[in-house]
Peer 1: 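After the structure tokens below, expect a handful of questions from me.
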Amino acid sequence: RLSTRRSSLPRGRSGERFPVTGDREIRVLVADDQALVRAGLATLLDSQPGLSVVGQASNGQEAVLLARELKPDVVLMDIRMPVLDGLEATGRIVREQASGAAGDRPVRVVVLTTYDLDEYVYDALRAGACGFLLKHAPPEELLLGVRAAADGGALLSPAVTSRLLREFTARRPAAAREPAGLARLTPREREVLDLVVQGRSNAEIARELVIAQTTVKTHLGHVLDKLGLRDRVHAVVYGYEYGLITPGGAPGADSQVLT
């Protein structure tokens with residue numbers, strides 16, 4: 001059964017940036033086929049200032065419908081669900097978002113999983129999820145992750161990301177040729193991309209290249225625009241799929257949120 005709680009928060013104008021800090025509430029949709037898990041997540045999230053669970057779904061199909069209707073900021077999506085699994089639901093939500101109105105707030109999908117080495121997680125990242133959280137993670141990590149997702153951050157520890165992608169890209173054939181889009185990058189942008197693919201945080205990249213973190217963010221923004229990528233998570237996936245780093249490349253240090 002679909003459970004919803006509506007919000008009267010205003011919609012933004014086309015091209016407007018949507019900050020979630022300050023007074024605006026972060027609206028969350030929880031999708032999990034286990035009622036106890038849904039209830040626990042909803043209770044935790046609703047207990048925090050600035051967070052509100054606006055809907056709950058027991059399968060992927062309900063999640064897609066509620067995401068379309070309620071337009072939450074973040075969807076916490078279980079992978080293994082009946083009717084429609086979380087992987088397909090994630091892809092549908094992201095595709096609908098891409099074809100929606102320019103002024104709509106972006107919906108960020110975060111997949112929930114029991115194990116970090118899970119091929120469904122890799123496929124969910126490819127489908128458009130902005131990251132993943134482990135179900136057994138401490139509550140403070142989950143809350144930090146939800147806020148980071150709403151702010152446009154990536155919910156992946158670099159070391160876990162690199163391990164996950166090494167595990168599964170090693171089983172897939174590498175692209176035959178380097179993608180043409182890379183030729184549009186400046187040498188500095190290519191350096192930043194290579195370090196992002198290795199799982200480095202902005203702070204680590206800034207130290208290695210001896211530039212400011214704001215400059216790293218600027219270069220990364222140009223990289224994403226030129227390659228048509230959604231965020232740094234998908235830059236990592238792109239790099240592994242096109243062989244910019246071979247399985248076994250060195251990851252960066254652990255860090256839960258990449259900004």
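Counting from 1, the numbers follow the sequence of the chain as shown. All values below come from the heavy atoms of this structure, side chains included, with hydrogens, waters and symmetry mates left out.
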Peer 1: Arg68: which residues meet the side-chain contact (heavy atoms from CB on, under 4.5 Å) condition with it, sequence neighbours left out?
Peer 2: Val64, Leu65, Glu96
Peer 1: Do side-chain atoms of Arg27 reach the backbone of Lys71 as a donor and acceptor pair under 3.5 angstrom?
Peer 2: yes
Peer 1: Where do Leu29 and Pro72 come nearest, in terms of heavy atoms and distance?
Peer 2: CB-CG, 3.8 Å
Peer 1: Of all residues at least two apart in sequence or in a different chain, which pass the side chain to side chain donor-acceptor pair (under 3.5 Å) check with Glu208?
Peer 2: Arg200
Peer 1: What pairs with Glu191 under side chain to side chain donor-acceptor pair (under 3.5 Å), at least two apart in sequence or on another chain?
Peer 2: Arg188
Peer 1: Is any side-chain heavy atom of Leu143 closer than 4.5 Å to a side-chain heavy atom of Leu45?
Peer 2: yes
Peer 1: Please list, chain by chain and in numerical order, all residues satisfying side chain to side chain donor-acceptor pair (under 3.5 Å) with Arg207, sequence neighbours excluded.
Peer 2: none
Peer 1: First locate atom CD of Glu204, then atom CD of Gln213, and finally report the distance between them rounded to the nearest 0.5 Å.
Peer 2: 10.0 Å
Peer 1: Could you list the residues that satisfy side-chain contact (heavy atoms from CB on, under 4.5 Å) with Leu224, not counting sequence neighbours?
Peer 2: Leu220, Leu229, Ala235
Peer 1: What closest approach, in Å, do Ala124 and Ile79 show between heavy atoms, and which atom pair accounts for it?
Peer 2: CB-CD1, 4.0 Å
Peer 1: Side chains of Leu76 and Val28: closer than 4.5 Å at any heavy-atom pair?
Peer 2: yes
Peer 1: Which heavy-atom pair separates Arg38 from Ala57 by the least distance, and what is that distance?
Peer 2: CD-O, 3.2 Å
Peer 1: Would you say Asp33 and Asn59 make side-chain contact, with heavy atoms under 4.5 Å?
Peer 2: no
Peer 1: Using side-chain contact (heavy atoms from CB on, under 4.5 Å) as the criterion, list what pairs up with Ala39, not counting sequence neighbours.
Peer 2: none
Peer 1: With sequence neighbours left out, what residues match Lys226 under salt bridge (charged side-chain N to carboxylate O under 4.0 Å, His left out)?
Peer 2: Glu189
Peer 1: Just grab all the salt bridge (Lys or Arg N to Asp or Glu O under 4.0 Å) pairs involving residues 129-140, residues at least two apart or on different chains.
Peer 2: Asp32-Lys135, Asp78-Lys135
Peer 1: Is the backbone of Ala129 close enough, under 3.5 Å, to the side chain of His234 for a donor and an acceptor to pair up by distance?
Peer 2: yes
Peer 1: Any non-hydrogen side-chain atom of His219 less than 4.5 Å from a side-chain atom of Ile211?
Peer 2: yes
Peer 1: Compare all side-chain heavy atoms of Leu51 with those of Asp46 and state whether any distance is below 4.5 angstrom.
Peer 2: no
Peer 1: Can we say Asp151 and Arg147 salt-bridge, meaning some charged N sits less than 4.0 Å from an Asp/Glu carboxylate O?
Peer 2: no
Peer 1: Just how far is it from atom CD of Glu25 to atom CG of Asp73, taken to the nearest 0.5 Å?
Peer 2: 9.0 Å
Peer 1: Between Tyr242 and Tyr238, how do the two ring planes meet: parallel, tilted or perpendicular, split at 30° and 60°?
Peer 2: tilted
Peer 1: Could you tabulate the donor-acceptor pairs under 3.5 Å formed by side-chain atoms of residues 82-91, not counting sequence neighbours?
Peer 2:
residue, atom, partner, partner atom, Å
Asp85, OD1, Leu87, N, 3.1
Asp85, OD1, Glu88, N, 2.8
Glu88, OE2, Arg92, NE, 3.2
Glu88, OE2, Arg95, NH2, 3.3
Thr90, OG1, Gly86, O, 2.7

Peer 1: The criterion is side chain to side chain donor-acceptor pair (under 3.5 Å); which residues satisfy it with Arg184, sequence neighbours excluded?
Peer 2: none
Peer 1: For Asp231 and Cys130, work out which heavy atoms get closest and say how close.
Peer 2: OD2-CB, 3.9 Å
Peer 1: Does the side chain of Leu142 reach to within under 4.5 Å of the side chain of Leu41, using non-hydrogen atoms?
Peer 2: yes
Peer 1: Going only through I, L, V, M, F, W and Y residues with side-chain contacts under 4.5 Å, is there a path from Val94 to Met81?
Peer 2: no
Peer 1: Does the side chain of Leu193 reach to within under 4.5 Å of the side chain of Leu182, using non-hydrogen atoms?
Peer 2: yes
Peer 1: So do Val223 and Leu185 actually touch side chain to side chain, heavy atoms under 4.5 Å?
Peer 2: yes
Peer 1: Looking at Ser47 and Leu44, would you say the former's side chain and the latter's main chain have a donor-acceptor pair under 3.5 Å?
Peer 2: yes
Peer 1: Under the side chain to side chain contact (heavy atoms under 4.5 Å, CB included) rule, what do Asn202 and Arg232 come out as? Steps first, then yes or no, please.
Peer 2: CA-CA 11 Å; Asn202 284 352; Arg232 71 186 302 139; 2.7 Å; yes
